[in-house]
Participant: 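One structure, pasted below without further comment.
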Amino acid sequence: MNSLLLCLVLLSPVQDVEADAPSEERVEQAVEELSRAFGKEGGLGLKVQAIYAASEVTHPEVIKWIVKGLKDSDDEVREASIEALRFMEHPDANDALVTTLKRDKRLRKNEELYEALIKAVCQHADPKSLSLITNYDLKDETKGTLRARVYGIARFRTAESVEALFDVMRRGKKGRLHASMSDISTALRVLTGVDHGKSIAAWTKWWNENKRDLKVSPELPELPKKMLTTWSRYWGLEEPKEGRARQGERGEQPDSEGERK
C-alpha cells in the first residue's frame with residue numbers, strides 16, 4: 001500500500017466531510033482533477049491522489065469518476081476507489097460497491113481487495129446487502145475475508161444478522177470454527193450485548209432459548225473498553241466518549257478476544 005493510499009485509509013473515517021452538499025465549484029474542481037488523472041496524462045500516483053482528494057466531495061458526478069477506478073488495471077487504484085466509496089454516504093457509492101461484489105470475479109482473486117470490498121459494502125449496511133454478505137462458500141474464504149463478513153454482518157443490527165452468525169457457526173468445521181470464534185463472539189456481543197466468550201456450546205444454548213423473542217437494539221450496547229476500541233477502529237468510527245468513560249470506571253480490561261482477564 002503506497003503512502004497516498006495509506007493517507008486515504010487513515011484519514012477517511014475522521015476527515016472533515018462537508019455537512020451540506022458540496023459547492024458547485026468544489027464538485028467541478030474534483031471532477032476536473034479526476035478527469036485529468038484518468039486521462040492520457042494521468043498515472044498511478046495522480047489517480048490515487050485525485051481519488052483521495054475527491055473522497056471528501058460526496059456528489060453523484062464525483063462518484064461516477066471514482067467508480068471508474070474500480071475497474072482500473074492497477075490494484076492500488078482499485079483499492080483507493082473502494083476505500084473512498086466506503087466512506088461516501090450516498091446510494092450511488094453503495095450501489096457501485098454492491099454491483100462490484102456481485103459481478104467482479106477477477107477482484108475476488110486478490111485477497112486484500114476482496115476483503116476491502118466486503119468491508120466497504122458492510123460499512124454502508126444497506127439491508128438489501130445482507131443476503132449478499134451471507135452468501136459464500138466457507139472453503140473459499142480467508143481469515144481476513146471471513147472476519148470482514150462476520151464483523152460486517154454485525155453492522156446490519158437485526159435479528160436476521162444474529163441468525164446469520166449462528167449459520168456461520170453451523171457451517172464451520174471444528175478446527176476452522178474455533179479459529180474464528182473470537183470474531184464471531186465479538187460480532188454477537190456487538191449485536192446482543194450478551195457475552196459467552198468463545199464457548200460454542202454456551203452460545204448455542206443461549207440462541208435456542210432466545211431466538212424466538214430476540215430483538216436487536218439499533219444502538220451499540222455497552223462493551224468492554226478494548227473490544228469497543230477494536231470495533232471502532234476496524235470500522236473507522238469514533239469511539240463514543242461516554243462509552244470510554246463508562247468502561248474506564250468499570251475498570252474492565254479485556255484481552256484481544258474481548259474476554260475479561
Side-chain angles (χ1 to χ4, degrees), residues 86 91 94-95 97-103 108 114-224 227-228 230-237 243 254 256-260:
R86 173 185 166 193
N94 173 69
D95 291 347
L97 291 166
V98 169
T99 298
T100 303
L101 185 57
K102 283 180 179 178
R103 300 179 182 176
R108 298 182 187 185
Y114 192 32
E115 179 182 350
L117 182 58
I118 294 169
K119 192 172 179 180
V121 170
C122 294
Q123 189 87 36
H124 286 267
D126 179 352
K128 299 190 294 294
S129 301
L130 180 59
S131 60
L132 178 63
I133 298 303
T134 57
N135 181 22
Y136 62 93
D137 191 333
L138 192 59
K139 66 180 176 59
D140 296 331
E141 299 298 307
T142 65
K143 183 176 181 180
T145 60
L146 185 58
R147 169 176 283 186
R149 289 187 189 277
V150 167
Y151 275 17
I153 288 169
R155 288 275 298 168
F156 292 85
R157 304 207 61 79
T158 64
E160 289 75 19
S161 302
V162 180
E163 184 175 8
L165 289 171
F166 279 95
D167 184 58
V168 175
M169 292 171 64
R170 285 191 292 270
R171 291 195 214 184
K173 292 182 179 180
K174 192 171 182 180
R176 181 83 182 271
L177 180 57
H178 280 288
S180 299
M181 271 310 296
S182 174
D183 295 335
I184 295 172
S185 175
T186 295
L188 285 169
R189 188 162 184 181
V190 163
L191 282 169
T192 67
V194 177
D195 178 18
H196 288 301
K198 294 186 289 184
S199 172
I200 298 170
W203 274 117
T204 302
K205 181 175 184 294
W206 174 87
W207 175 239
N208 290 334
E209 292 173 351
N210 292 276
K211 59 184 176 182
R212 289 185 180 180
D213 303 315
L214 181 66
K215 293 182 180 179
V216 177
S217 169
E219 303 298 328
L220 199 69
E222 292 186 10
L223 300 171
M227 181 182 287
L228 179 61
T230 298
W231 180 258
S232 299
R233 288 178 178 173
Y234 186 85
W235 292 111
L237 306 172
S256 60
E257 277 123 14
E259 297 174 339
R260 297 186 187 91

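Sequence positions, counted from 1, serve as the residue numbers for this chain.
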Participant: Which heavy-atom pair separates Lys119 from Ala148 by the least distance, and what is that distance?
Facilitator: N-CB, 4.3 Å
Participant: If you look at every heavy atom in Ala154 and Trp231, which pair is closest and at what distance?
Facilitator: CB-CH2, 3.6 Å
Participant: State whether the number of non-hydrogen atoms from other residues, nucleotides or ligands found under 6.0 Å of Lys211 atom NZ is greater than 12.
Facilitator: yes
Participant: Side-chain contact, heavy-atom cut-off 4.5 Å: Leu214 with Trp206?
Facilitator: yes
Participant: Do you know the tightest heavy-atom contact between Pro221 and Arg189?
Facilitator: CG-O, 3.5 Å
Participant: Going by heavy atoms in the side chains, are Ser182 and Lys198 under 4.5 Å from each other?
Facilitator: yes
Participant: Within this structure, what is the CZ-CD distance for the pair Arg149 and Glu115, rounded to the nearest 0.5 Å?
Facilitator: 11.0 Å
Participant: Please examine the side chains of Lys102 and Val98, heavy atoms only from C-beta on, and report whether any two atoms are closer than 4.5 Å.
Facilitator: yes
Participant: Do the side chains of Leu191 and Arg157 get nearer than 4.5 Å, heavy atoms only?
Facilitator: yes
Participant: Might you point out which heavy atoms bring Gly197 and Ser185 nearest each other, and give the distance in Å?
Facilitator: O-OG, 2.6 Å
Participant: What are the two closest non-hydrogen atoms of Thr186 and Tyr151, and how far apart are they?
Facilitator: CG2-OH, 3.9 Å
Participant: Does the side chain of Ser161 come under 3.5 Å of the side chain of Thr158 through a donor N or O and an acceptor N or O?
Facilitator: yes
Participant: Is there a side chain to side chain contact (heavy atoms under 4.5 Å, CB included) between Leu188 and Val194? Walk through the geometry before answering.
Facilitator: CA-CA 7 Å; Leu188 285 169; Val194 177; over 6 Å; no
Participant: Considering residues, nucleotides and ligands other than Arg233, do more than 12 of their heavy atoms fall under 6.0 Å from its CZ?
Facilitator: no
Participant: List in chain and number order the residues that pass salt bridge (charged side-chain N to carboxylate O under 4.0 Å, His left out) with Lys205, two or more places apart in sequence or in another chain; answer none if no residue qualifies.
Facilitator: Glu209
Participant: Does the side chain of Glu160 reach to within under 4.5 Å of the side chain of Val216, using non-hydrogen atoms?
Facilitator: no
Participant: Do Gln123 side-chain atoms and Trp235 backbone N/O form a donor-acceptor pair below 3.5 Å?
Facilitator: yes
Participant: Taking only residues two or more places apart in sequence or in another chain, which ones pass salt bridge (charged side-chain N to carboxylate O under 4.0 Å, His left out) with Lys128?
Facilitator: Asp126
Participant: Quick one: side chains of residues 130-137, donor-acceptor pairs under 3.5 Å with protein atoms, not counting sequence neighbours, listed by atom name and distance.
Facilitator:
from	atom 1	to	atom 2	distance (Å)
Thr134	OG1	Leu130	O	3.1
Thr134	OG1	Ser131	O	3.2
Asp137	OD1	Lys139	N	3.2

Participant: Do the side chains of Asp183 and Leu146 get nearer than 4.5 Å, heavy atoms only?
Facilitator: no
Participant: What is the ring orientation for Phe166 with Trp203, classed by angle as parallel under 30°, tilted 30 to 60°, or perpendicular over 60°?
Facilitator: perpendicular
Participant: Are any of the side-chain heavy atoms of Tyr234 and Arg147 separated by less than 4.5 Å?
Facilitator: yes
Participant: If you look at every heavy atom in Leu165 and Ile184, which pair is closest and at what distance?
Facilitator: O-CG2, 4.4 Å
Participant: Is there side-chain contact between His124 and Asp95, with at least one heavy-atom pair below 4.5 Å?
Facilitator: no
